[in-house]
Amino acid sequence: EAVHYFVEADGYKSREFTIDVANLPRVEKLDYTYHYPAYTGLAVKKEENASDMAALRGTEVEVMVTSSQPLSGGRLVFSDGKSIALQPSGDKMALGRVTVDRTATFRIELTNKDRQKYLGLEEYSMEALDDQKPIIEFTKPGRDTKATNVEEVFTELRAEDDFGVNSLEIHFSVNGGTEQKVELFTNKGETPKEISAGHTFFLEEYNLQPGDFVTYYGKATDSRRPSNTVSTDIYFIEVRPFGREYRQGQQGGGGGGGGQQDDNAEELSKREKDIIAATFKLI
């Protein structure tokens, strides 16, 4: 029934107003079907009794609205002024497609068979997520190491990405020479979200002497944009002698000079490593 009302105060009376009551359509159920970009390799995902929408930028989402009464159409009305039409799909349902290309909020407007429209009060959010960079780390040894020039040093590199790793590599250099690359994984139709791979440095192959260095770091690329790469910190394999002899200098005699020279060499070596690591991080 209609409601009639007016306002009266201190002998003054407003004109009469009327509230007409109508049985307008309202949202009873909301379902999303996510169609992710092809490069992600992700299967279609359906979310029933949904509310807010969040997906990787570029994802196409089918929005199925179930209403309280038969519909002739409707719209998704966004806060930035844009709208997406909803087409009838079944007796009390309407379907629309929206591409997640920005972050915004929206409300749902439904139109019943009598062409009566109702813009719902509830506000939903649409969030466009950006593809995150891979995460990469050395799990073994995960630190600088010292080894003799005939040892084998095993390294293990691990990477993960929200939509898949495209490649995994180790880059290394001997005594600051030409950088070399070892390919641990290359995408051949499969982009795992998490991958680990190992590489062994056979130091005997490099004709190293005590005090020499092998520097190395890991690199991973994103499955979406191969140009989007991340690297680990740089690590050092320092070649040490097979053994060291120590002696206590006699009072009043020489004999201590060798130890001082070793200390100076070790300090110089440490400073070289610090400079290399700082330069790598700066680049």
Side-chain angles (χ1 to χ4, degrees), residues 1-133 161-163 193 222 224-225:
E1 298 179 359
V3 177
H4 306 279
Y5 70 95
F6 59 88
V7 179
E8 185 176 12
D10 197 23
Y12 292 92
K13 179 180 176 182
S14 75
R15 68 182 180 88
E16 188 174 281
F17 297 91
T18 301
I19 299 176
D20 289 319
V21 181
N23 185 21
L24 297 175
R26 66 180 183 276
V27 176
E28 290 198 334
K29 186 170 179 283
L30 192 59
D31 300 327
Y32 298 146
T33 303
Y34 294 89
H35 297 267
Y36 297 101
Y39 70 83
T40 65
L42 297 176
V44 174
K45 173 188 171 184
K46 186 171 183 179
E47 182 181 356
E48 297 186 353
N49 296 306
S51 178
D52 294 333
M53 182 190 306
L56 179 68
R57 193 180 301 272
T59 300
E60 186 179 75
V61 183
E62 292 181 5
V63 180
M64 179 67 77
V65 181
T66 302
S67 172
S68 59
Q69 55 185 252
L71 300 174
S72 63
R75 292 189 306 159
L76 304 181
V77 181
F78 288 87
S79 55
D80 57 9
K82 298 181 180 180
S83 64
I84 299 292
L86 298 174
Q87 303 298 330
S89 177
D91 186 29
K92 296 183 179 181
M93 294 184 291
L95 176 68
R97 289 177 177 266
V98 59
T99 299
V100 181
D101 56 1
R102 65 198 186 283
T103 295
T105 60
F106 65 93
R107 294 159 68 188
I108 299 176
E109 179 185 87
L110 298 177
T111 305
N112 62 15
K113 295 291 187 178
D114 296 328
R115 298 295 176 180
Q116 292 175 306
K117 296 180 179 180
Y118 176 62
L119 182 61
L121 298 178
E122 186 170 357
E123 199 166 30
Y124 306 89
S125 69
M126 180 181 76
E127 183 179 3
L129 305 175
D130 290 319
D131 190 3
Q132 301 298 309
K133 291 184 177 181
D161 184 70
D162 46 359
F163 294 103
K193 291 187 176 182
D222 194 306
R224 180 184 183 190
R225 295 191 303 271

Looking only at heavy atoms, what is the nearest atom pair of [X] and [Y], with distance?
X    : Y   : result
T66  : M93 : OG1-CG, 3.6 Å
N112 : P25 : ND2-CD, 3.9 Å
L95  : S89 : CB-CB, 4.1 Å
E1   : V21 : O-CG2, 3.1 Å
A94  : L71 : CB-CD1, 3.9 Å
A2   : T18 : CB-CG2, 4.2 Å

Can a donor-acceptor pair be found, under 3.5 Å and without considering hydrogens, that links the side chain of [X] to the backbone of [Y]?
X    : Y    : result
R57  : D101 : yes
D114 : Q116 : no
S68  : R26  : yes
Y32  : S51  : yes
E28  : K92  : no
D31  : N49  : yes
T33  : K46  : no

Y12 atom OH: more than 12 heavy-atom contacts under 6.0 Å =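 Open.
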
query = For atom NZ of K29, is the number of surrounding heavy atoms from other residues, nucleotides or ligands below 6.0 Å larger than 12?
reply =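 Atom NZ in K29 is crowded, with more than 12 foreign heavy atoms closer than 6.0 Å.
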
Could you tell me whether the side chain of [Y] reaches within less than 4.5 Å of the side chain of [X], counting heavy atoms only?
X    : Y   : result
P37  : T59 : yes
V7   : F17 : no
R102 : D80 : yes
V63  : M53 : yes
V65  : L30 : yes
Q69  : N23 : yes

Spacing of [atom1] belonging to [X] relative to [atom2] belonging to [Y], to within rounding of 0.5 Å:
X    : Y    : atom1 : atom2 : result
H4   : I19  : NE2   : CD1   : 10.0 Å
F78  : E123 : CZ    : CD    : 11.0 Å
M126 : F106 : CE    : CZ    : 8.0 Å
T111 : L119 : OG1   : CG    : 10.0 Å

message = Name the residue from Q87, K117, R115 that meets the side-chain contact (heavy atoms from CB on, under 4.5 Å) definition with S72.
response =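 In the set Q87, K117, R115, the residue that makes a side-chain contact (heavy atoms from CB on, under 4.5 Å) with S72 is R115.
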
task = Show your reasoning for whether side chain to side chain contact (heavy atoms under 4.5 Å, CB included) applies to I108 and Y124.
result = CA-CA 9 Å; I108 299 176; Y124 306 89; 3.7 Å; yes

inquiry  = Does the plane of the ring in Y34 sit parallel, tilted or perpendicular to the ring in Y36? Use 30° and 60° as the thresholds.
reply    =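 Ring orientation, 0 to 90° scale: parallel.
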
task = Carefully, step by step, assess I84 and R97 under the rule side chain to side chain contact (heavy atoms under 4.5 Å, CB included).
result = CA-CA 7 Å; I84 299 292; R97 289 177 177 266; 5.8 Å; no

ask   = Do NZ/NE/NH1/NH2 and the carboxylate oxygens of E109 and R107 come within less than 4.0 Å?
value =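 No salt bridge links E109 with R107.
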
